[in-house]
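So that the names make sense, note that chain A is the first sequence line, chain B the second, and so on, each numbered from 1.
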2 protein chains.
Amino acid sequence: MKRIAVVEDEPLMREELALMLRKAGYEAMEIREFDHAAEQLEEISPDLVVLDLNLPGVSGFRICREIKGRSSFPVLVLTSRDQMKDELHALELGADEYLTKPCRRERLLARVSNVLKRYEGRANLLEGPGFLLDRQTYTLYIDNRSTVLPKNQGKLLETFLSRSDKTVTKDELCTALWGTTEFIDENALQVNLTRLKKTMTRLGMAHKITPVRGVGYRLEKEAESEPGSGEIPGQENSFGNEEDL
Amino acid sequence: MKRIAVVEDEPLMREELALMLRKAGYEAMEIREFDHAAEQLEEISPDLVVLDLNLPGVSGFRICREIKGRSSFPVLVLTSRDQMKDELHALELGADEYLTKPCRRERLLARVSNVLKRYEGRANLLEGPGFLLDRQTYTLYIDNRSTVLPKNQGKLLETFLSRSDKTVTKDELCTALWGTTEFIDENALQVNLTRLKKTMTRLGMAHKITPVRGVGYRLEKEAESEPGSGEIPGQENSFGNEEDL
DNA sequence: ACAAAACCTTTCATCAGCTGTAAGTGTTTT
DNA sequence: AAAACACTTACAGCTGATGAAAGGTTTTGT
């Protein structure tokens, strides 16, 4: 049974939502504590989050961003804020659906089922700069092609992604590969890294695994050349106000 | 650059849409012939379809269903029909987004970008009863887990899925596996089928690859037992009128 | 009921591709 | 220039997928 978390401060509304979802055959969990909502949600790891934007103390936008920043499940924003600005901002932050209250039962349930359907199989996909990686099989999705990485290369890439943009020590990489940091063969790591880099180049990824001397490595988000080439269409909906309201 | 097909009969509207999309950095293609729209679209295989519901002669619903029936790309329905009934019906049929005209530029572009983002990597996913299969890597997604099938098992399953629910001859299966129908080793096919069945059982799929004596095999959508167990929550939005309007 | 045809299963040798070792070449820092 | 670190290539061992072979089970027709 699919599990849905409801993040909503108004008790009546929350109860009604939860009841409606339960009647439709979902397991509904109510979140009442909003200060560390994102962490709580990560603990619970539901299949979907229904999120209100007007919460006491915290901004719903912030929660949405935090959810989407970490490894992610779908977010359906349900709010009384009907400003276009809010809708666009929420979508920018990665919300999967935006509905305004009041919302009819049927519409909400239809959207919920719709989003869940689209997320089938996505549960374990890690997001990288321009590609996706399946945590379990190490299947790599880039552009419209996919490849299965050898286990070791997959583990390495996974490690880089989960420490996004930070430096990863050799010890960490060795632990990821062999489960132990003792008797590490620096060379073996080296070889595996080389192989990963080679496949990344072959697949045309803007890779950049750069060494950090004496420490380890890091995966750069972008090659530091050609800042002029505008990529990713439809991203011009940039907002001056990137901060929460 | 992402390619978007616009299916809309009203010339002014169509032009405006196409222009808007092009300005946003997409490649827009205008569909003017609606009788075989689904086939045309399959030929083109765009990254997204913007679909009007009120078309002369054909029902937009039908087109939507036809698109989603075959191997699929995302569909954004943009229509002046603001009846809840229509919206639910479209979503039922697998539409990924439903917007009503008039619709502000920003909203449309935001939704377009949103849908496209969610479809990253999905391009080559074949849909089966309760699971997804990646055509290129033979990665199999079921529940929230994924496995990479051995090449042969993948090819077999792929063949079954692309002839959904119809009988597949042994010759077809052999061709899929070895590219030739001559000098077929019936036994080798047999062994590979057994292996596929075994993995499917291991993964808990409601498999049912049944032999059709003297011809070949077929993949049943459902095990023919227990018709009472209601599955798939949120699907109770069933409509009496399954036919097009 | 019987035999033939069709279908299924298990076992085994072969082969491809992933992996770590080893040995040697670059590159940066002191 | 020497030392420390980083990279590359070649090769042999291992794992897991594959097809051949041989034998078992189910279905069908008489």
Side-chain angles (χ1 to χ4, degrees), chain A residues 136-140 147-160 167-203 207-220, chain B residues 136-140 147-160 167-203 207-220:
Chain A
Q136 296 175 51
T137 60
Y138 304 122
T139 306
L140 182 64
T147 325
V148 178
L149 296 182
K151 213 179 309 173
N152 279 355
Q153 296 181 39
K155 282 182 187 172
L156 287 177
L157 188 53
E158 181 190 8
T159 311
F160 280 116
T167 299
V168 183
T169 67
K170 290 182 196 174
D171 274 14
E172 284 176 305
L173 291 172
C174 285
T175 311
L177 281 184
W178 302 293
T180 174
T181 175
E182 293 180 34
F183 296 140
I184 12 167
D185 186 344
E186 290 258 330
N187 192 15
L189 174 61
Q190 189 55 63
V191 171
N192 280 290
L193 266 175
T194 302
R195 296 206 248 252
L196 174 58
K197 283 202 239 175
K198 201 171 287 175
T199 33
M200 288 175 87
T201 333
R202 181 167 51 81
L203 296 175
H207 66 303
K208 281 289 156 195
I209 290 180
T210 54
V212 179
R213 204 148 228 263
V215 185
Y217 299 85
R218 48 182 287 153
L219 178 68
E220 311 283 348
Chain B
Q136 298 175 50
T137 60
Y138 304 123
T139 306
L140 181 65
T147 326
V148 178
L149 295 182
K151 213 179 308 170
N152 280 354
Q153 295 180 39
K155 282 182 186 169
L156 288 177
L157 189 52
E158 181 189 8
T159 311
F160 280 116
T167 300
V168 183
T169 68
K170 291 182 198 173
D171 275 12
E172 287 177 301
L173 291 172
C174 285
T175 311
L177 281 184
W178 302 292
T180 173
T181 175
E182 293 180 34
F183 295 140
I184 11 165
D185 186 345
E186 289 256 333
N187 192 14
L189 173 60
Q190 190 53 63
V191 172
N192 280 290
L193 266 175
T194 301
R195 296 208 249 253
L196 174 58
K197 283 202 237 173
K198 201 170 289 177
T199 26
M200 289 176 87
T201 333
R202 182 167 51 80
L203 296 174
H207 67 300
K208 280 287 153 197
I209 290 180
T210 55
V212 179
R213 205 147 230 261
V215 186
Y217 299 85
R218 52 182 285 153
L219 177 68
E220 310 284 348

Exercise for the section: Taking only the side-chain nitrogens and oxygens of B:K198, find out if one of them lies under 4.0 Å from OP1 or OP2 of C:dT9. Expected result: no

Problem - Nearest-0.5 Å distance, CE of residue A:M200 to CG of residue A:L193 - result: 10.5 Å

Practice task
Rounded to the nearest angstrom, tell me the gap between atom CG in B:L189 and atom C1' in D:dA17.
Solution key: 16 Å

Handout entry: Nearest-0.5 Å distance that lies between atom CG in B:L173 and atom CG in B:N152
Key = 11.5 Å

Exercise for the section: Compute the bend angle of the helix from C:dA1-D:dT30 to C:dT30-D:dA1 from the end axes (five pairs per end), rounded to 10°. Expected result: 30°

Practice task
Can you tell me the distance, in whole Å, between the NZ atom of B:K197 and the C1' atom of C:dT10?
Solution key: 15 Å

Handout entry: B:L157 CG to B:L140 CG distance, which is reported to the nearest 0.5 Å
Key = 6.5 Å

Handout entry: Atom pair distance, as rounded to whole Å: CG in A:L193 and P in D:dC7
Key = 8 Å

Handout entry: B:T159 versus B:E172, side-chain donor and acceptor atoms under 3.5 Å
Key = no

Exercise for the section: Indicate whether the side chain of B:Y138 and that of B:E158 have a donor and an acceptor atom separated by less than 3.5 Å. Expected result: yes

Practice task
Find the distance A:E186:CD to D:dA6:P and express it as a whole number of Å.
Solution key: 7 Å

Exercise for the section: Answer yes or no: does a side-chain N or O of B:T194 lie under 4.0 Å from OP1 or OP2 of C:dC8? Expected result: no

Exercise for the section: Sugar-phosphate means primed atoms, P, OP1 and OP2; the rest is base. With that split, encode nucleotides 18-30 of chain C 5' to 3' as B, S or - using protein heavy atoms under 4.0 Å. Expected result: SBBBBB---B---

Problem - Straight-line distance of A:L156 CG to A:L219 CG, nearest 0.5 Å - result: 11.5 Å

Exercise for the section: Find the distance between CD (B:E186) and CG (B:D171) and round it off to the nearest 0.5 Å. Expected result: 8.0 Å

Practice task
Could you tell me the separation between the CG atom of B:L196 and the C1' atom of C:dC8, rounded to a whole number of Å?
Solution key: 14 Å

Practice task
Drop me the distance from B:Q136's CD to A:T147's OG1, to the nearest 0.5 angstrom.
Solution key: 7.5 Å

Completion exercise
Here the distance between atom P of D:dA17 and atom CG of B:L149, to the nearest Å, is 10 Å

Problem - Side-chain N or O of A:Q190 closer than 4.0 Å to phosphate OP1/OP2 of D:dC7 - result: yes

Exercise for the section: Could you tell me the separation between the CG atom of A:L156 and the P atom of D:dC7, rounded to a whole number of Å? Expected result: 13 Å

Exercise for the section: Could I get the full list of salt bridge (Lys or Arg N to Asp or Glu O under 4.0 Å) partners for B:K155, not counting sequence neighbours? Expected result: none

Handout entry: D:dC5 phosphate, OP1 or OP2, under 4.0 Å from A:Y217 side-chain N/O
Key = no

